[in-house]
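Proteins get letters first, then strands, A, B, ... in listed order; numbering begins at 1 in each. Because the structure is predicted, anything quoted here is derived from the model rather than measured.
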Amino acid sequence: MSEASATAAVQVTAAVQVTGVDKVFTAKRKPSVTALDSIDLTVAPGEFVSLIGPSGCGKSTLLRLIADLDTPSAGTLTVFGKTARQARIDQEYGIAFQQSGLLPWRTVAANIELPLELHGVNAAGRRKRSAELLALVGLGDFAESYPDQLSGGMQQRVAIARALAESPRLLLMDEPFGALDEMTRERMQTELVRITGETGAAVVFVTHSIPEAVFLSNRVVVMSPRPGRIRDILGITLPGTADRDEHLREDEAFFENVSRVRELLHGEAPVGIKGVENR
Amino acid sequence: MRTSAGTLRTVLAPVLLGVVALALWQLLVVAFDIKPFIVPGPLAIGTEFGDNIASVVAGALVTGGNALVGLVIGGVVGILFAVLAALARVVDELTAGIVAALAVVPIVALAPVLYTMFGAGAETARQLVAALAVFIPVYINTLRGLRQVRPVHRDLMHVYAASAWQTTRTVTVPGALPFIFTGLRIASSLAVISALIAEYFGGPVGGLGKSITSAASSSNYNLAWAYVLGAIIVGLVFYCVTLAIETFATRHYKPRT
Ligand SMILES: Nc1ncnc2c1ncn2[C@@H]1O[C@H](COP(=O)(O)OP(=O)(O)OP(=O)(O)O)[C@@H](O)[C@H]1O
Ligand SMILES: [Mg+2]
């Protein structure tokens, strides 16, 4: 590819730019934990990047730093060219956690409208937006339901709709499908591909599932623990990346990518059969 | 329906037990010829209750009214102070000592002092005693609830750059609701008891407490017990109503999503 000159001419601001970031947790009377060690990562606008790695390698920590829920011990971190703090205040990103974190005393619609309400959008505007989002996540009939009346998968879809409420250019997701069964999970993945395709948002997605990372991502960041480092970044090359659908899961190229990620994760040749779940 | 069968059982079992206990009580009173000044039989109390129903209801309205005023005032003040204490550390530190002191004071013991302060002709002293008794459990429970904000909700509000007041209004207080209602439910019984006992120390006549003492002192034991029955009913009504409100208000809280 000869895009070097084009990139130089049009300096695109990265969605996320992480440069030399360390994160050390210090506690009284305890040895300090180096959760992240010299992390460099750039996420382009509209790009889908997954973070994968064994438990405790700092995936959530990195996401929380980007979200300004925590601050780096060293290094710099920008979101659309702004400091993480400024980006948070400007609501540049939407976020979804492993727990849906819905407010149980609010209806589904009111949960989705929460960020809009806090940021002064009027009632009519909120109603319109939540109706759009409910349709987008396929929950049009559940606007007036309460979270306890929904299944886990539906609650997670509401949380994703809430994250999309202010049309952010960046989505941060920490194992949003971690608590779901395999079937729901695959359906949610397909929906997420569709939604991010429609909204054009960049995504930083934390997961434990190799097939999930491969299915969703443009690039997969493989991390290793103690101290948390980026072992490698893998570009996912799949035919017809534009419309990833269920057929892709059967595709030979998909299995090849799954094997590549697995090799990187384990630091050795894969021993399992192609396509077998490893999470 | 499973629920109606369940309700039937939870209602029927205590009712049956109550009937059996009453029958046994009546039997013992008759069999051993127990004198009314020791304890009258349920039939005698029931008859007296029926004959004096107008006076019992009037007394219940006075005592219940005092308890209700106390519950509302003590509840509102308790919740308000707890919210302030959760927001500002200073308030918390200032009130912690006062609340600890109040918690060990037998509140009704203040009644005579309050009667002289507000005049023995007014109900104010009784309402204040009830309010003080209500304040403590409501304050303590509310504050505990306000401190139970789930980390995922706290993170969310931080992400939204919400102000302290926005966070309090949208997450902290609604999240504490089950705790607030538990406090109010405990307080509702305390309100009735306090308002009733406060009448023993003076103030205007008409309430159930005063009626019990005057009936007992004129050796009308059956009537005294009829008023006691009235007081029990008032206490039960307070408890059941607060329980019903609690159940309704927190009906969606069960699963932690
Ligand atoms: N608030 C904290 N205080 C102290 N140590 C922490 C804190 N948060 C994370 N850590 C430590 O940092 C390291 C990375 O944690 P992190 O939660 O980012 O891992 P993770 O990759 O998300 O793991 P998992 O896949 O299990 O979610 C762990 O060793 C953890 O113990
Ligand atoms: Mg994690």
Examine whether an atom of L114(A) lies under 4.5 Å from a heavy atom of chain B, and if so say whether it belongs to the side chain, the backbone or both; otherwise answer neither.
side chain
Interatomic distance, T167(B) atom OG1 to L118(A) atom CG [nearest 0.5 angstrom]:
7.5 Å
Quick one: which of L172(A), L69(A), D68(A) gives a side chain to side chain contact (heavy atoms under 4.5 Å, CB included) with V159(B)?
L69(A)
How are the rings of W105(A) and H153(B) set relative to one another: parallel (under 30°), tilted (30 to 60°) or perpendicular (over 60°)?
perpendicular
Looking only at heavy atoms, what is the nearest atom pair of L156(B) and I95(A), with distance?
CD1-CG2, 4.5 Å
Whether the side chain of Q99(A) engages the backbone of V152(B) through a donor-acceptor N/O pair (distance < 3.5 Å, no angle test) should be reported.
no
Applying salt bridge (charged side-chain N to carboxylate O under 4.0 Å, His left out) as the test, list every pair that has at least one member in residues 183-195 of chain B; sequence neighbours left out.
R185(B)-E246(B)
Using heavy atoms and a sub-4.5 Å threshold, report which of residues 125-136 of chain A line up against chain B, by residue number.
none
More than 12 foreign heavy atoms under 6.0 Å from CZ of R169(B): is that the case here?
yes
Considering non-hydrogen atoms only, spot the tightest contact between H119(A) and Y160(B) and give its length.
NE2-O, 2.7 Å
According to ring pair (Phe, Tyr, Trp, His ring centres under 6.0 Å), does anything in residues 59-93 of chain B pair up with another residue at least two apart or in another chain? List the pairs.
none
Pick from Q98(A), Q91(A), E166(A): which one has the most heavy-atom pairs with chain B under 4.5 Å?
Q91(A)
Option that, when pairs with chain A are counted at under 4.5 Å, heavy atom only, ranks first among A161(B), P174(B), P151(B)
P174(B)
Side-chain donor-acceptor pairs of residues 21-36 of chain A under 3.5 Å, sequence neighbours excluded:
| from | atom 1 | to | atom 2 | distance (Å) |
| --- | --- | --- | --- | --- |
| D22(A) | OD1 | S38(A) | N | 2.6 |
| K23(A) | NZ | D70(A) | OD1 | 3.3 |
| K23(A) | NZ | T71(A) | O | 2.8 |

Determine the option with the most heavy-atom pairs under 4.5 angstrom with chain B, choosing from R106(A), E117(A), Q149(A), R64(A).
R64(A)
Salt-bridge criterion met for D148(A) and R251(B) (N-O under 4.0 Å):
no
